[in-house]
**Student:** 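There's a structure below that I have some questions on.
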Amino acid sequence: MGAHKLSDWRKLPLSLTELCIDTTLRCGQSFRWRKISDEWHCVLRGRLISLKQDASHLHYRVTWPKPTGSPVTSSDSIPAAGDGDVDTEQDDTESLLRNYFALSHSLSTLYQQWAASDANFARRAPAFTGIRILNQDAWEALVAFICSSNNNIGRISQMVQKLCIHYGPYIGTIEGEAFHDFPEPQALSGTHVEAHLRELGFGYRAAYIAQTAEIISYLKGADWLLRLRNPESPAFAAPITRPGQNETQSSSSSDETPITYRTAHEALLTLPGVGPKVADCVCLMGLGWGEAVPVDTHVWQIAQRDYHFSTKTKTKTFTKVMYNSVGDHFRSIWGPQAGWAQSVLFTSNLKAFAGQASGAGTKSGIVEEAIVKAEKMVRRSKQAHSLAEDYGMGVVKTDEEEVTTTFVRSRKRRITAVTKVSGSDKKHVGAVEVEVHTRRTSKRLKAAAS
DNA sequence: ATAGACCCTTAGGG
DNA sequence: ACCCTAAGGGTCT
């Protein structure tokens, strides 16, 4: 009843290989989608979008908000002509969705390319198909990822939800749940905002958000953010200029240096609460820079575990030099859409998706990790002990047929992985045992092993 | 350049 | 049953 108009379901031919909304909408890109009785809902550009998917189609429906402040609802006075039947001529929801899901990229083609140039991707991706980078609103991505620092997906989603409820416009209700749009920068500006956000549990991020909102609203302007977009991205393709049209108009930025991924990244770093990782998230998911590779704890783990990135620099802190070198490395193997490939491996590494990992049975993330570490030991059995030091392993035992690795998962846990190898090939055959010990038990184990 | 502090929530071990 | 610790898509000083 709260909605002005509710469209009928429409559908878009789309395979699950090209897009899997169940994965893409849950993997920590957007924090606003909610699943209610098997349908996904979110407000995009002022309208409430509902989605469901089968093997061949993406089904969508739109709920338009009731016009605010107009005493006479025109639709009520107008006879049945257009009521309950959203004008499909005018409705641009399909193009909105094509743009939001960046459907102009062929995901299956990209997966093939990444798999061809990267064995690790080829091994992990089959269980995680259909993961796309969403083309989100840049301002929303900026604020959401400021919230993401030192935080988990659950709480980030709660925080974004609070921003919408307290500062964003109400759009509609579905099964008793209210949906608001994401607030504009001006709505999050003001002297009271920081204190209020602290009350709402934002912690130290409250100041970052309030300050960034102020800067975008009044100092730099919302245009500033939009000018950081990738002009080459299909999502922001310039309006088609006809041959006869004036061309000087399009090159209005003749006095400015052309925008690049690097300059966009640097520009974002000037905002409070925005470091290299958050800047890359905004570049990738809000500004169309496919080569942006956000390096967080997960990606850093992946880089070390699967791509032989070593922590040999004594320092324990993750420096900006290291950050850039990880990103450059992934760009060199995955190419111009490296950020898209990153999201696939990132998702495969999430605990929430651990059940999907590896085809044979459901191995936990811990087991997966143990297998991979053990495999690494197999490949480099000669340097097993030095590697063990690099990776913080406590005990390493190798012989002709079996490799046993024990490494420290946390201070109070040790995990032992046993990988069987077959003769000269030293191929991993999948036999894995994992044990979790208390400190006391592992001490005994260590003694027994040595 | 490099440790700590920073808000808050939850899961798991004592 | 509770307290305690660690960790969760980092950034700032």
Side-chain angles (χ1 to χ4, degrees), chain A residues 23-31 131 133-134 136 141-162 194-212 265-266 268-286 292-304 311 313-327 330 339-340 342-354 364-366 369 392 408-415 436-442:
Chain A
T23 312
T24 300
L25 301 182
R26 281 191 306 133
C27 70
Q29 287 191 60
S30 171
F31 303 93
I131 300 175
I133 293 297
L134 300 172
Q136 301 181 68
L142 174 58
V143 175
F145 285 104
I146 287 176
C147 292
S148 79
S149 78
N150 200 7
N151 207 346
N152 56 67
I153 293 179
R155 183 154 80 119
I156 300 164
S157 302
Q158 288 178 19
M159 289 162 72
V160 170
Q161 168 83 338
K162 285 176 181 172
E194 180 182 341
H196 184 215
L197 292 182
R198 274 203 172 263
E199 288 175 17
L200 291 175
F202 280 64
Y204 59 83
R205 303 167 197 84
Y208 296 154
I209 293 169
Q211 289 167 20
T212 294
H265 180 98
E266 291 299 313
L268 289 169
L269 290 182
T270 64
L271 298 169
V274 179
K277 189 269 174 180
V278 171
D280 272 336
C281 286
V282 179
C283 280
L284 178 64
M285 302 167 200
V293 179
V295 182
D296 53 42
T297 55
H298 290 270
V299 175
W300 177 232
Q301 280 174 25
I302 292 169
Q304 293 172 89
T311 56
T313 52
K314 276 285 190 175
T315 169
K316 194 59 186 171
T317 50
F318 191 63
T319 65
K320 199 171 176 184
V321 174
M322 295 162 77
Y323 183 96
N324 288 327
S325 89
V326 173
F330 284 134
W340 286 53
Q342 170 270 353
S343 77
V344 177
L345 293 194
F346 169 81
T347 305
S348 77
N349 209 52
L350 282 180
K351 283 177 187 167
F353 291 87
S364 73
I366 289 175
E369 194 173 343
V408 179
R409 170 74 175 176
S410 70
R411 285 183 188 176
K412 292 178 181 174
R413 282 185 174 184
R414 287 176 186 275
I415 292 119
V436 180
H437 303 277
T438 64
R439 191 184 313 180
R440 191 176 303 171
T441 317
S442 73

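We name chains A, B, ... by the order of the sequence lines, and we start the count at 1 in each one. All values derive from a computational prediction rather than experimental measurement.
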**Student:** Name the pairing partner of C:dC4, where a pair is Watson-Crick or G-U wobble with both distances under 3.5 Å, or state none.
**Tutor:**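 B:dG12 is the nucleotide pairing with C:dC4.
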**Student:** Under a 3.5 Å cut-off for both distances, is B:dA5 Watson-Crick or wobble paired, and to whom?
**Tutor:**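 Here B:dA5 is engaged in a pair, and the nucleotide opposite it is C:dT11.
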**Student:** Considering only heavy atoms and no angle criterion, is a donor-acceptor pair shorter than 3.5 Å present between the side chain of A:Arg155 and the base of B:dC7?
**Tutor:**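 In this structure, the two groups form a donor-acceptor pair.
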**Student:** To the nearest angstrom, how far is A:Leu142 atom CG from C:dG10 atom P?
**Tutor:**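 Atom-to-atom, A:Leu142 to C:dG10, this comes out as 16 Å.
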**Student:** With nearest nucleotides of DNA chain C determined for A:Gly154 and A:Pro272 from heavy-atom distances, which residue corresponds to the more 5′ nucleotide?
**Tutor:**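 Residue closer to the 5' terminus by nearest nucleotide: A:Gly154.
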**Student:** Under 4.0 Å, heavy atoms only, any strand: does A:Val274 hit a base, just the sugar-phosphate, or nothing?
**Tutor:**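 Answer is sugar-phosphate: A:Val274 comes under 4.0 Å of backbone atoms only.
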**Student:** Taking only the side-chain heavy atoms of A:Thr297 (C-beta and beyond), determine which of C:dG8, C:dG10, C:dG9 contains the nearest atom.
**Tutor:**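 That would be C:dG10.
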**Student:** Quick one, A:Val293 and A:Val326 - any side-chain contact, counting heavy atoms below 4.5 Å?
**Tutor:**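 Sidechains of A:Val326 and A:Val293: no contact.
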**Student:** Please examine the side chains of A:Val295 and A:Val299, heavy atoms only from C-beta on, and report whether any two atoms are closer than 4.5 Å.
**Tutor:**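 Counting from C-beta outward, A:Val299 and A:Val295 do come under 4.5 Å.
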**Student:** So, do A:Trp340 and A:Leu284 sit near enough that their side-chain heavy atoms are less than 4.5 Å apart?
**Tutor:**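 Result yes, sub-4.5 Å side-chain heavy-atom pair found.
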**Student:** Quick one: sort the A:Phe346 and A:His298 rings into parallel, tilted or perpendicular, breaks at 30° and 60°.
**Tutor:**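 A:Phe346 vs A:His298 ring planes: perpendicular.
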**Student:** Can you identify which nucleotide, out of C:dT11, B:dT2, C:dG9, has its nearest atom closest to the A:Tyr208 side chain?
**Tutor:**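 Ranking C:dT11, B:dT2, C:dG9 by closest atom to the A:Tyr208 side chain puts C:dT11 first.
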**Student:** Nearest whole angstrom, please: distance from the P of C:dC12 to the CZ of A:Phe318.
**Tutor:**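 The answer, rounded to whole Å, is 16 Å.
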**Student:** Over how many whole Å does the gap from A:Leu350 atom CG to C:dG9 atom C1' extend?
**Tutor:**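 In whole Å, C:dG9 C1' lies 8 Å from A:Leu350 CG.
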**Student:** With a 3.5 Å cut-off and heavy atoms only, can you find an N or O donor on one side and an acceptor on the other between the side chain of A:Tyr204 and the base of C:dG10?
**Tutor:**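 Such a pair is found, so the answer is yes.
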**Student:** Rounding to an integer number of angstrom, what distance separates B:dG12 and C:dG9 when you compare their P atoms?
**Tutor:**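 Result for the P pair: 15 Å, nearest Å.
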**Student:** With a 4.0 Å cut-off on heavy atoms, is A:Cys27 in touch with a base, just the backbone sugar-phosphate, or nothing at all?
**Tutor:**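 Answer is base: heavy atoms of A:Cys27 come under 4.0 Å of a base.
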**Student:** Counting the atoms with a prime plus P, OP1 and OP2 as sugar-phosphate, which does A:Val278 contact under 4.0 Å by heavy atoms, base, sugar-phosphate, or nothing?
**Tutor:**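 Result for A:Val278 = sugar-phosphate.
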**Student:** Between C:dG10, B:dC7, C:dG8, which one does the side chain of A:Ser149 approach most closely?
**Tutor:**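 The nucleotide sitting nearest to the side chain is C:dG10.
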**Student:** Counting the atoms with a prime plus P, OP1 and OP2 as sugar-phosphate, which does A:Leu271 contact under 4.0 Å by heavy atoms, base, sugar-phosphate, or nothing?
**Tutor:**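 Touches sugar-phosphate only.
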**Student:** For A:Arg205 and for A:Gln158, locate the closest nucleotide of DNA chain B by heavy-atom distance; then report the residue assigned to the nucleotide nearer the 5' terminus.
**Tutor:**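 Closest to the 5' end, via its nearest nucleotide, is A:Arg205.
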**Student:** When the P atoms of B:dA5 and C:dA6 are considered, how many whole Å apart are they?
**Tutor:**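 After rounding to an integer number of Å, I get 14 Å for this pair.
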**Student:** Between C:dG10 atom C1' and A:Phe346 atom CZ, what is the distance in whole Å?
**Tutor:**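 My rounded result for the distance is 13 Å.
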**Student:** Relative to the 5' end of DNA chain C, which residue comes earlier, A:Leu269 or A:Gln29, by the nucleotide with the nearest heavy atom?
**Tutor:**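 Nearest-nucleotide comparison on DNA chain C picks A:Gln29.
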**Student:** Look up atom CG in A:Asp296 and atom CD in A:Gln301, then write down how far apart they are to the nearest 0.5 Å.
**Tutor:**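 Going from CG on A:Asp296 over to CD on A:Gln301, the span is 8.5 Å.
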**Student:** To the nearest Å, how far apart are A:Phe31 CZ and B:dT9 C1'?
**Tutor:**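 From A:Phe31 CZ to B:dT9 C1': 16 Å.
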**Student:** Tell me: CD1 of A:Ile209 to C1' of B:dC7, nearest whole Å?
**Tutor:**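 Answer to the nearest Å: 12 Å.
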**Student:** Can the ring centroids of A:Phe31 and A:Phe145 be said to lie less than 6.0 angstrom from one another?
**Tutor:**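 Yes, ring centres under 6.0 Å apart.
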**Student:** Just how far, in rounded Å, is P of B:dC7 from NZ of A:Lys162?
**Tutor:**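 Computing the A:Lys162:NZ to B:dC7:P distance gives 16 Å.
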**Student:** How would you label the contact of A:Gly201 with the nucleic acid (heavy atoms, under 4.0 Å): base, sugar-phosphate, or nothing?
**Tutor:**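 Result for A:Gly201 = sugar-phosphate.
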**Student:** Taking atom P of B:dA1 as reference, at what distance in whole Å does atom CE of A:Met322 sit?
**Tutor:**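 From A:Met322 CE to B:dA1 P: 14 Å.
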**Student:** Just call it for A:Glu199: base, sugar-phosphate, or nothing, with non-hydrogen atoms closer than 4.0 Å on any strand.
**Tutor:**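 Nothing: the residue A:Glu199, judged by heavy atoms under 4.0 Å, touches no strand.
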